[in-house]
Amino acid sequence: MSNDKDNLKAEDLEQEVIADPETVEEVNEEVAEAQAEEQTLEQKVAELEEQVAKEKKEYLFLMAEFDNFRKRTLKEKSELIKNAAEQSLKGMLPIIDDFERGLKAGDDATDVQSVKEGMELIYNKFKKYLEQNGVKEIDPEDRDFDTEKHEAISVVPVPDEAQKGKILDTVQKGYTINGKVMRHAKVVVGQ
């Protein structure tokens with residue numbers, strides 16, 4: 001029954017709305033406003049979709065550009081690593097030339113002292129070249145044993161207490177490059 005009453009009231013209201021021209025005009029204005037608002041919202045949605053599409057396109061472009069940058073830097077880095085030794089080895093070529101001249105001169109030389117002096121000159125030139133490139137000898141003689149720089153290959157008992165833990169002999173020199181140990185010095189340590 002209450003449903004019938006609601007239906008009757010709705011019918012009465014419809015008849016009143018149809019009968020009253022001002023109400024019809026108000027309803028028409030509200031409908032027009034709702035349609036205008038709907039159009040405005042649809043325009044905003046279209047604008048936002050367009051903006052999202054534009055930003056997505058820019059994002060994909062930036063991602064592709066970053067990927068290309070990453071690949072390019074990896075390639076450049078691998079080239080640097082591959083060719084890093086080139087400059088160092090290029091600097092050694094004159095020293096090799098000196099060795100070849102020394103060996104050739106050694107075949108005909110009768111004076112051993114001059115051959116020895118020639119070899120010392122080449123040796124000093126090579127040491128100077130290494131120092132220019134940051135390579136330095138580790139001088140372990142009469143120093144305390146340091147595991148960061150030295151490798152003990154033998155331990156020898158010593159009668160003097162002051163020589164315990166000291167380096168007695170160097171079997172093979174160690175080298176550092178720019179402060180980093182390149183090769184540990186092989187030493188004999190007193191115990």
Hydrophobic clusters here meaning ILVMFWY residues chained together by side-chain heavy-atom distances under 4.5 Å, can you tell me if [X] and [Y] are in one?
{"X": "L168", "Y": "V171", "answer": "yes"}
{"X": "I96", "Y": "L103", "answer": "no"}
{"X": "F99", "Y": "V112", "answer": "no"}
{"X": "I177", "Y": "L89", "answer": "yes"}
{"X": "V158", "Y": "I153", "answer": "yes"}

query = Is a salt bridge present between K44 and E47, judged by a nitrogen-to-oxygen distance below 4.0 Å?
reply =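 No, no charged N to carboxylate O under 4.0 Å.
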
Decide yes or no for [X] and [Y]: does some side-chain heavy atom of the first lie under 4.5 Å from some side-chain heavy atom of the second?
{"X": "I81", "Y": "K77", "result": "yes"}
{"X": "F145", "Y": "K166", "result": "no"}
{"X": "K104", "Y": "E100", "result": "no"}
{"X": "I138", "Y": "H150", "result": "yes"}
{"X": "E55", "Y": "V52", "result": "no"}
{"X": "E137", "Y": "K127", "result": "yes"}
{"X": "K149", "Y": "R143", "result": "no"}

ask   = Around atom CD of E29, are there more than 12 heavy atoms of other residues, nucleotides or ligands at under 6.0 Å?
value =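 More than 12 within 6.0 Å, yes.
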
query = Around E50, counting heavy atoms of other residues, nucleotides and ligands shown, do more than 12 lie under 6.0 Å from its CD?
reply =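 No.
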
Rounded to the nearest 0.5 Å, what separates atom [atom1] in [X] from atom [atom2] in [Y]?
{"X": "L93", "Y": "D98", "atom1": "CG", "atom2": "CG", "result": "11.0 Å"}
{"X": "E58", "Y": "Q51", "atom1": "CD", "atom2": "CD", "result": "9.5 Å"}
{"X": "L121", "Y": "I95", "atom1": "CG", "atom2": "CD1", "result": "12.5 Å"}
{"X": "T73", "Y": "E76", "atom1": "OG1", "atom2": "CD", "result": "7.0 Å"}
{"X": "K186", "Y": "S154", "atom1": "NZ", "atom2": "OG", "result": "13.0 Å"}
{"X": "I122", "Y": "K125", "atom1": "CD1", "atom2": "NZ", "result": "8.0 Å"}

ask   = For the residue pair Y129 and F126, does the interplanar ring angle fall in the parallel (under 30°), tilted (30 to 60°) or perpendicular (over 60°) class?
value =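 The arrangement is parallel - the two ring planes meet at less than 30°.
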
inquiry  = Checking E37 against T40 for the side-chain contact (heavy atoms from CB on, under 4.5 Å) test, could you report, in this order, the C-alpha distance in whole Å, the side-chain angles of both residues, the deciding distance, and whether it holds?
reply    = CA-CA 5 Å; E37 188 175 326; T40 305; 5.5 Å; no

key: Main-chain N/O of M63 paired to D67 side chain as donor or acceptor, under 3.5 Å   =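 No; judged by distance alone, with no hydrogens or angles, the pair does not exist.
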
query = Among all residues two or more places apart in sequence or in another chain, which pass the side-chain hydrogen bond (donor to acceptor under 3.5 Å, both in side chains) test with K136?
reply =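 K136: no side-chain hydrogen bond (donor to acceptor under 3.5 Å, both in side chains) contacts found.
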
Closest non-hydrogen atom pair between A152 and V189, with its separation =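 Closest approach of A152 to V189: CB-CG2, 3.9 Å.
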
ask   = Could you walk me through whether E148 and V181 pass the side-chain contact (heavy atoms from CB on, under 4.5 Å) check?
value = CA-CA 8 Å; E148 297 292 322; V181 175; 5.7 Å; no

